[in-house]
Amino acid sequence: VSKVNTKHILRENSNMATEKLIILGAAGRDFHDFMSYWSLQPNVIVTCFTSTQIPGIGGRLFPPEMCNNDKNENRYPNGLMIYDQNDLEALIEEHGATMCALAYSDISYDSVQNLAARVNSKGASFIQIPPALTQLHSLKPVVAICATRTGTGKSQTTRAIADYLKKKGKKVVVVRHPMPYGKNLLKQRCQRYEVLEDLVRYKCTIEEREEYELHIEEGNLLYAGVDYQMILREAERDADIILWDGGNNDFCFFKPTVTICVADALREGHEEHYYPGEINMRMADLVMINKVNSLRSSELASLQAQRIRDFLGKDIPIILGKSIVTPEARGPTGQLLGDSAVKDMVYGKNVLVIDDGPTLTHGGMPFGAGFVLAKQMGAAEIVDPRQAAKGSLVGVFQKFQHLEKVLPAMGYDEHQIKDLEETVRGVDCDCVITGTPINLENIIDVGKECVRARYCLQLDEQNMSALELALKPLFAV
């Protein structure tokens with residue numbers, strides 16, 4: 001933790017009455033904020049966590065072994081329960097909470113204010129703490145790749161920067177924003193991913209695999225988990241440079257040397273309306289507007305860049321990136337098929353598109369890379385999957401009614417993975433296009449021919465030069 005900031009807060013609060021706090025989270029920054037800040041405050045007792053966004057993460061215990069009990073006079077000997085955010089008002093009354101702290105991401109400003117109203121109406125204060133209070137200091141340079149929304153292309157940007165740094169002779173370690181969705185949080189405290197078998201060893205969900213698999217395939221050592229002080233110390237042993245691969249539009253848990261914020265050309269203006277994406281943009285050393293190749297005119301990206309500069313009130317470097325989508329398919333024996341054979345699988349056919357779950361759900365996008373590829377390859381029809389939805393997928397479509405022609409790759413637990421498989425097999429189509437970053441056929445039996453949408457970041461010479469300039473401080477440390 002930033003020692004200067006923590007000492008200041010501890011001294012400032014030393015004569016204040018004890019506050020009772022509920023941390024509002026989604027199995028991510030909520031745990032980090034507690035471990036790095038709230039559990040160390042002498043005048044604050046955290047009573048519980050709440051959970052939202054991710055199905056099945058409520059009803060768990062945050063274990064006492066990660067509650068800093070050796071530093072806070074054993075304040076949490078039994079750990080802390082995690083409850084559903086839907087019960088927030090009742091929890092405030094039951095626990096006598098005087099404060100609620102927001103600690104999750106990709107929330108519209110309207111939703112933030114709605115939460116504040118719910119909390120304030122029950123007599124409690126609603127607070128948001130700044131990144132500086134919880135950012136850990138690294139002994140190695142850190143590049144933070146953050147975003148304005150979920151699904152802007154953070155991971156493809158992280159992989160591109162990792163490739164650049166490795167070519168410069170640097171040992172790179174990627175640290176991923178937390179995704180601890182299993183029942184036992186202690187077992188997920190610090191996870192090291194080096195080979196694909198580690199995904200099985202840690203019993204990763206589809207959502208975890210989506211963030212980890214391509215890094216492993218490209219030879220990037222990756223850490224994730226719950227305890228980011230422990231994770232940071234482990235990463236420092238392996239790395240010359242640490243890359244923070246952000247989750248949703250959350251901010252970095254480490255004090256960065258360089259911050260890059262990825263904005264979305266297809267969601268212009270969202271950088272001003274979703275928490276905490278605007279914070280990332282205001283803290284950035286460079287902003288990249290990604291997916292500009294999907295715009296009808298390149299002038300729209302230039303106008304978005306100028307609007308961002310005007311909004312921020314400063315002349316921040318802004319580069320334009322292309323997210324290039326290409327098809328990949330394999331034959332019965334696993335061999336890669338040629339371009340002509342892959343095209344024949346899609347052109348003029350009825351296809352089911354499966355796209356990245358978080359991007360389509362709380363990210364709010366109506367389509368992803370798989371949809372783009374289906375259009376690009378001349379599919380006759382993109383089939384509506386809603387009538388075939390099974391189990392939990394029925395509720396997903398009811399909640400996210402903007403989804404019509406795409407199936408989100410939901411798989412937060414074994415039951416939901418089974419629901420996804422049954423839904424896919426129930427759709428009448430000629431072919432399946434998967435726009436999720438992973439090889440979905442390794443997880444479910446799609447029962448049909450399958451084309452995988454691969455996507456990567458592409459920068460022209462001018463934009464690459466601007467990125468290299470932004471990364472120069474890494475080589476001076």
Side-chain angles (χ1 to χ4, degrees), residues 1-6 8-9 28-30 32-33 36-37 101-109 112 127-138 140-155 157-158 161 174-178 228 232 241-264 267-290 304-321 466-474 476-477:
V1 182
S2 172
K3 294 180 180 178
V4 174
N5 285 326
T6 302
H8 171 70
I9 294 298
R29 180 157 54 86
D30 45 350
H32 175 69
D33 283 3
S36 63
Y37 183 73
L102 180 60
Y104 63 98
S105 54
D106 213 9
I107 327 168
S108 71
Y109 285 170
V112 172
I127 59 175
Q128 299 162 241
I129 60 175
L133 292 183
T134 61
Q135 286 181 327
L136 308 174
H137 285 261
S138 173
K140 301 294 178 67
V142 174
V143 184
I145 296 93
C146 301
T148 57
R149 290 298 312 274
T150 299
T152 60
K154 296 180 302 296
S155 288
T157 304
T158 305
I161 292 173
V174 176
V175 175
R176 182 59 174 72
H177 186 277
Y228 277 77
L232 179 57
I241 296 172
I242 294 171
L243 298 186
W244 172 264
D245 188 354
N248 286 356
N249 63 347
D250 213 345
F251 39 73
C252 183
F253 292 2
F254 309 147
K255 184 173 177 57
T257 311
V258 175
T259 298
I260 295 168
C261 181
V262 184
D264 195 332
R267 287 177 282 183
E268 190 274 331
H270 283 219
E271 52 271 6
E272 302 176 27
H273 297 289
Y274 286 83
Y275 174 84
E278 183 182 337
I279 296 173
N280 290 326
M281 195 169 60
R282 290 186 177 278
M283 295 176 66
D285 299 292
L286 176 140
V287 171
M288 182 181 76
I289 302 174
N290 197 18
Q304 183 178 357
Q306 189 55 52
R307 279 193 287 268
I308 289 173
R309 289 192 179 99
D310 293 343
F311 178 68
L312 297 179
K314 60 181 180 179
D315 190 23
I316 187 172
I318 298 178
I319 63 174
L320 307 180
L467 175 61
E468 290 177 339
L469 184 62
L471 296 175
K472 282 189 75 173
L474 301 175
V477 176

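Since we're looking at a predicted model, the values are computed, not measured.
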Verdict with reasoning, S138 to I242, per side chain to side chain contact (heavy atoms under 4.5 Å, CB included)
CA-CA 9 Å; S138 173; I242 294 171; 3.8 Å; yes

Value rounded to 0.5 Å, distance of CG in L467 from CD1 in I161:
5.0 Å

In terms of side-chain geometry, is the basic nitrogen of R149 or D264 positioned less than 4.0 Å from the acidic oxygen of its partner?
no

Separation of L286 CG from I316 CD1 (nearest 0.5 Å):
7.0 Å

Short side-chain to backbone donor-acceptor contact, N280 and N249, under 3.5 Å
yes

Is there a salt bridge (charged side-chain N to carboxylate O under 4.0 Å, His left out) between E272 and R307 once you walk through the steps?
CA-CA 10 Å; E272 302 176 27; R307 279 193 287 268; over 6 Å; no

Any side-chain to backbone donor/acceptor pair from N248 onto T150? Under 3.5 Å, distance only.
no

How far does OG1 of T257 sit from NZ of K140, to the nearest 0.5 angstrom?
12.0 Å

Taking the side chain as everything from C-beta on, heavy atoms only, tell me whether P131 gets closer than 4.5 Å to M283.
yes

Before you tell me yes or no, could you show the steps for V175 and F253 under side chain to side chain contact (heavy atoms under 4.5 Å, CB included), namely the whole-Å CA-CA distance, both residues' side-chain angles and the distance that decides it to 0.1 Å?
CA-CA 10 Å; V175 175; F253 292 2; over 6 Å; no

What residues form a side-chain hydrogen bond (donor to acceptor under 3.5 Å, both in side chains) with E468, not counting sequence neighbours?
none

Locate the shortest heavy-atom distance separating L474 from P141; write the atom from each residue and the value.
CD2-CB, 3.9 Å

Could you state the interatomic distance from NZ (K154) to CD1 (I145), rounded to the nearest 0.5 Å?
10.5 Å

Using a 3.5 Å distance criterion without hydrogens, assess whether the side chain of Q135 forms a donor-acceptor pair with backbone atoms of P256.
no

Evaluate the side-chain proximity of P276 to D250: yes if any heavy-atom separation is below 4.5 Å, no if none is.
yes

Residues two or more places apart in sequence or in another chain: which of them pass side-chain hydrogen bond (donor to acceptor under 3.5 Å, both in side chains) with T157?
none

Roughly how far, to the nearest 0.5 Å, is OG1 of T152 from CE of M288?
7.0 Å

Do Y228 and S36 have side chains that get closer than 4.5 Å, going by heavy atoms?
no

E271 (side chain) donor-acceptor with G269 (main chain) under 3.5 angstrom:
yes

So OG1 of T148 and CG of D106: to nearest 0.5 Å the spacing works out to 8.5 Å

Heavy-atom side-chain contact between Y274 and R267 under 4.5 Å
no

Quick one, I318 with Q304, criterion side chain to side chain contact (heavy atoms under 4.5 Å, CB included). Give me CA distance, side-chain angles, the key distance, then yes/no.
CA-CA 10 Å; I318 298 178; Q304 183 178 357; over 6 Å; no

Return the minimal non-hydrogen interatomic distance between R29 and L102, and the atom names on each side.
NH1-O, 3.8 Å

Test of understanding: with side-chain hydrogen bond (donor to acceptor under 3.5 Å, both in side chains), list the residues that count as partners of E278, not counting sequence neighbours.
Y109, R282

Give me the ring orientation class for H177 and W244: parallel if the planes are under 30° apart, tilted from 30 to 60°, perpendicular past 60°.
perpendicular

